[in-house]
Amino acid sequence: MLEDRKFIESLLSLALRSPHAADYGRRQFLRSVGRLALGAGVLTNLSRVFGNPYALAAEPATLPEVTSIPERLKGKGVVRVSSYGGAFQEAQRKAYFEPFERLSGIKVIESEGPDVVKVKAMVDTKNVEWDVAEFDLADVINLKSKGDYWEEIDYSLVDTGNIDEAFTHKYALDMLPYGQVCAYRTDAFKGAKPDGWADFWDTNKFPGGRTMPAGSGGLVPDLESATMATGVPMEKVYPIDIDKAYASLAKIKPAVVKWWEAGAIPAQLLNDKEVTMGIAWNGRIAAIQAKGAPVEVSWRQGALRTDCWAVPKGAPNRENAMKFTAFITMPVPQARLSLLIPYGFVNNKAVDYLPADRLSVLPTAPEIKKQLYVYNSEWWAANRDKVISRWASWLLQ
Amino acid sequence: MTIAAESSAKFGAHRGRTQMGYLILLLPLLVYLGLFYAYPVAAMMFRSIHEPRWTADNFVQIFDTGVYLHVLWLTVRIGLIVTFASLLLGYPVAYVLARVDRAKSNLLIILVLVPFWTSILVRTYAWMVLLGRQGIINQLLLSFGIIDEPVRLLNTTFAVYVAMIHVLLPFMILPLYGVMRGIDENLLRAAQGLGAKPVNVFRQVVLPLSLPGVSAGCLLVFILALGFFITPALVGGPQDIMVAVLIQQQVDLFNWPLASALAVVLLAAALLIFAVFMRTLGVEQAFGRART
């Protein structure tokens, strides 16, 4: 049974979830370019064309230091952490792992490529290789509905005083909010600025190709924007009327050049003028903006999504995983990451450690957060199967 | 009589020992394949009809829901077009490789192999650079005044064909080259000496003798093309779905029995086409050497 699960897992599971998951393959690719030593020329050329994914943002001169941690977070031994590799995991190492190791005395052993399909296989075969890993919350909830696959988060360790309730869950703790938002070329519409999804759907006023997330590759189609495009206000998006949303999506379908399965793709399509407007993850847009691409984010009616830490059932170093999770949601580690990569923070106190110019590009900055709706992972966990099952036949209609 | 029987028995024993020796040599590979290939594939097939109990539901669903067969057909069609185009492009190259002298052919082989050794992602990204709206091809066409505004080359089925052919071409050229190299040049000279025109030499001697290479190359390219995944996802148009994408989707949905059933259908389609090749070209043609 072990072999066959592993086989299915390795042969078929190319599951790429969440922004960092979806970028994982691409990072692997660029790293293998480096490894193959194809020469700086190729890499430079690729970087020039696509924007260097290593430079997610200019690195700040100094990061705020974590000076001490509560006694309850200290321990010994190891914690095995799985995240999405590449520049992203490097940032996490700087922001979280290094200070955690130094202050807690617990050694962090890293690996790459978390995947709930693998968690299921690991727990089923009682061979849990990760103590804690990064996931999309909807995936955690979804797997929970299949059985007892997760450990409960130990909230006696977490100082939740400054963490919104929306970020704390029984089996997962959010750690990385990001925006799934509208981004557009500023040189495409003669100065007109799209504002909300009705404009995104209006190809007369805002001509040009579009790109949107696919319903494959571990992703779900953006039914929220499709719903809002029909005039439903942001607060009333959930529960989504799937039929209506698909019907609305069909209206923009002829303009969609590419349904993307990896977070790097919309950024690249916008950068290369393949499309004039797209739905993208804010961190990827910040990366091409830093390279000078004339692309702007329109935050209004965008989704505030989050990645979370979750602990697979039976993780050998469960205690350390809980301490690790609690540490990362502290204000300074959160601020450190937001300084390295323009993703948000779950601890509101992180604001104190972030300069104003940085806050202006973060999805959880107070001015931006209020324009976004909170992505309903519960709804998606319950309805993903239904939505996804229709995707391919809808697409080929 | 007795002597003959004795020697034949000895010979038989000897042959038996030799075969036993071969078997021992093959054993590590057989164990490896059995454990890591045959068993998982069998387990996957079993899962498609038995999880948690005997059922044909997964296959019924595949054949009932038009989309799976539709996507399977799209995948097979892309595979066939890519195979055919690779053959057209690869055959002359292999022919030249086999006919020029060693030194030149070694150099040319390296030219074939360099892309073969380059990561598939690198090559796919290279096509994105070439085919984009601001890519080299569009820039050239614009500067020559052939087009007034960039044409969409990237994110189309055309781009899928171009990138896949590029990736798979070496798999066509190498078997063709291997077979063509084995064609005895004396046969060509004999044909010429007997008054055959170059066209006839090719049609009546080279082409039939190279058929094993053609079938081996076509099989390799086609079967690899069926499983393609990354290239269509990166350069394909909005409707270019490959069956691998649907399989992954079902894995994601934890519907592993259905994913297994889809994989079984794909495997069956590949085997079916394999059988057709065998029928039309002959078993020994596909795997045997050129009969010179």
Side-chain angles (χ1 to χ4, degrees), chain A residues 1 3-9 11-17 25-26 28-30 32-33 36 38 42 45-46 49-50 116-117 120 139 142-143 146 209 211 214-218 253-254 256-262 265 268-269 272-275 384-385 388-396, chain B residues 35-37 39-44 46-47 65-68 70-71 74 117-122 124-126 128-129 132-135 150 152 154-156 227 229-230 233-256 258-260 262-263:
Chain A
M1 221 42 196
E3 276 82 359
D4 95 55
R5 285 202 192 281
K6 288 224 159 175
F7 168 73
I8 295 262
E9 186 191 299
L11 183 73
L12 306 176
S13 155
L14 293 146
L16 302 172
R17 287 180 195 79
R26 182 177 152 76
Q28 290 290 78
F29 148 62
L30 268 146
S32 55
V33 174
L36 286 167
L38 277 177
V42 176
N45 274 326
L46 284 169
V49 177
F50 300 117
V116 279
V117 178
K120 183 171 188 296
D139 287 337
N142 196 292
L143 184 56
K146 317 271 172 198
T211 183
S216 52
K253 193 169 153 189
V256 176
V257 171
K258 185 103 190 160
W259 302 94
W260 52 265
E261 294 181 349
I265 291 178
Q268 179 233 321
L269 292 173
D272 297 353
K273 266 192 170 171
E274 298 284 336
V275 298
R384 195 177 76 137
D385 295 18
I388 298 279
S389 304
R390 284 173 63 170
W391 172 255
S393 42
W394 174 83
L395 192 63
L396 292 172
Chain B
L35 213 62
F36 295 106
Y37 183 73
Y39 170 68
V41 170
M44 181 189 74
F46 183 66
R47 164 173 286 157
T65 325
V67 67
Y68 297 112
H70 187 170
V71 172
L74 292 179
W117 287 328
T118 313
S119 148
I120 181 173
L121 273 163
V122 174
T124 306
Y125 270 82
M128 293 168 75
V129 176
R133 282 176 83 81
Q134 297 181 307
R152 183 166 300 291
L154 189 61
N155 302 317
T156 60
F229 185 78
I230 299 163
L234 287 176
V235 303
Q239 298 196 323
D240 288 321
I241 310 185
M242 302 289 272
V243 82
V245 173
L246 293 190
I247 295 176
Q248 184 213 343
Q249 209 173 50
Q250 293 307 321
V251 173
D252 276 353
L253 296 176
F254 298 104
N255 198 345
W256 296 354
L258 183 60
S260 303
L262 275 169

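Just so you know, these numbers come straight off a predicted model, no measurement behind them. Chain A is the first sequence line, chain B the second, and so forth, proteins listed ahead of strands; every chain is numbered from 1.
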Should [X] and [Y] count as side-chain neighbours, where that means a heavy-atom distance under 4.5 Å?
X	Y	value
B:L253	A:N142	no
B:W256	A:V117	yes
A:D272	B:R133	no
B:D252	A:R384	yes

- Task: Any chance you could lay out the side chain to side chain contact (heavy atoms under 4.5 Å, CB included) test for B:F254 and A:D385, step after step, and finish with the verdict?
- Result: CA-CA 9 Å; B:F254 298 104; A:D385 295 18; over 6 Å; no
- Item | Backbone of A:G215 reached by a side-chain donor or acceptor of B:Q249 within 3.5 Å | yes
Indicate the atoms forming the closest heavy-atom contact of [X] with [Y], along with that distance.
X	Y	result
B:P238	A:L395	O-CD2, 3.3 Å
B:Q239	A:L396	O-CD2, 3.6 Å
A:E261	B:A233	OE1-CB, 4.0 Å
A:E274	B:N155	OE1-ND2, 4.1 Å
B:V245	A:S216	CG1-CB, 3.6 Å

- Message: Applying side chain to side chain donor-acceptor pair (under 3.5 Å), can you list everything that pairs with B:T124, at least two apart in sequence or on another chain?
- Response: B:T231
- Item | Atom group of B:I230 that falls short of 4.5 Å from chain A, counting heavy atoms | neither
- Message: For the interface with chain A, which of B:L234, B:V71, B:L74, B:T156 has the highest count of heavy-atom pairs at distances below 4.5 Å?
- Response: B:L234
- Among the listed options B:R152, B:Q250, B:H70, the residue most often paired with chain A at heavy-atom distances under 4.5 Å: B:R152
- Would you mind telling me which of A:V256, A:V257, A:L269, A:I388 has the largest number of heavy-atom pairs within less than 4.5 Å of chain B? A:V257
- So, the part of A:K146 with a heavy atom under 4.5 Å from chain B: the answer is side chain
